[in-house]
Enquirer: 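Got a structure here, written out as C-alpha cells. Questions coming.
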Amino acid sequence: MMKKQILNVGTVLNKVEQKSIKGGLGGSCVTEQDCRLSPLYSGGPVACIQGGCSFAWSE
C-alpha cells in the first residue's frame with residue numbers, strides 16, 4: 001500500500017481524496033464550508049485561502 005502511495009506522488013487528488021487526508025494543522029479546507037464546520041473557526045466569518053482556513057475580517 002505504501003509503495004502505491006509513493007508512486008502516486010505528483011498526481012492530482014479529487015475532492016473525496018483531499019478530504020480523506022488526516023494530519024497536519026487543523027483548518028485545512030477545500031471550500032469555505034470546510035472552515036465553517038471546523039471547531040477552530042466557529043464564531044466568525046471565515047475564508048478558505050490556498051487550502052487553509054482563515055478568519056475573514058472586513059474594515
Enquirer: About how many Å separate CD of E32 and CD1 of I49, when rounded to the nearest 0.5 Å?
Expert: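 One finds 8.5 Å between CD1 of I49 and CD of E32.
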
Enquirer: Are C53 and C29 close enough, and set up right, to give a disulfide bond (SG atoms under 2.5 Å apart), and what steps lead you there?
Expert: CA-CA 6 Å; C53 297; C29 60; 4.0 Å; no

Enquirer: Which heavy atom of D34 sits nearest a heavy atom of V30, and at what distance?
Expert: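 Smallest interatomic distance, heavy atoms only, reads OD2-N, 2.7 Å.
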
Enquirer: Might you point out which heavy atoms bring L40 and F55 nearest each other, and give the distance in Å?
Expert: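 Residues L40 and F55, closest heavy atoms: O-CZ, 4.0 Å.
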
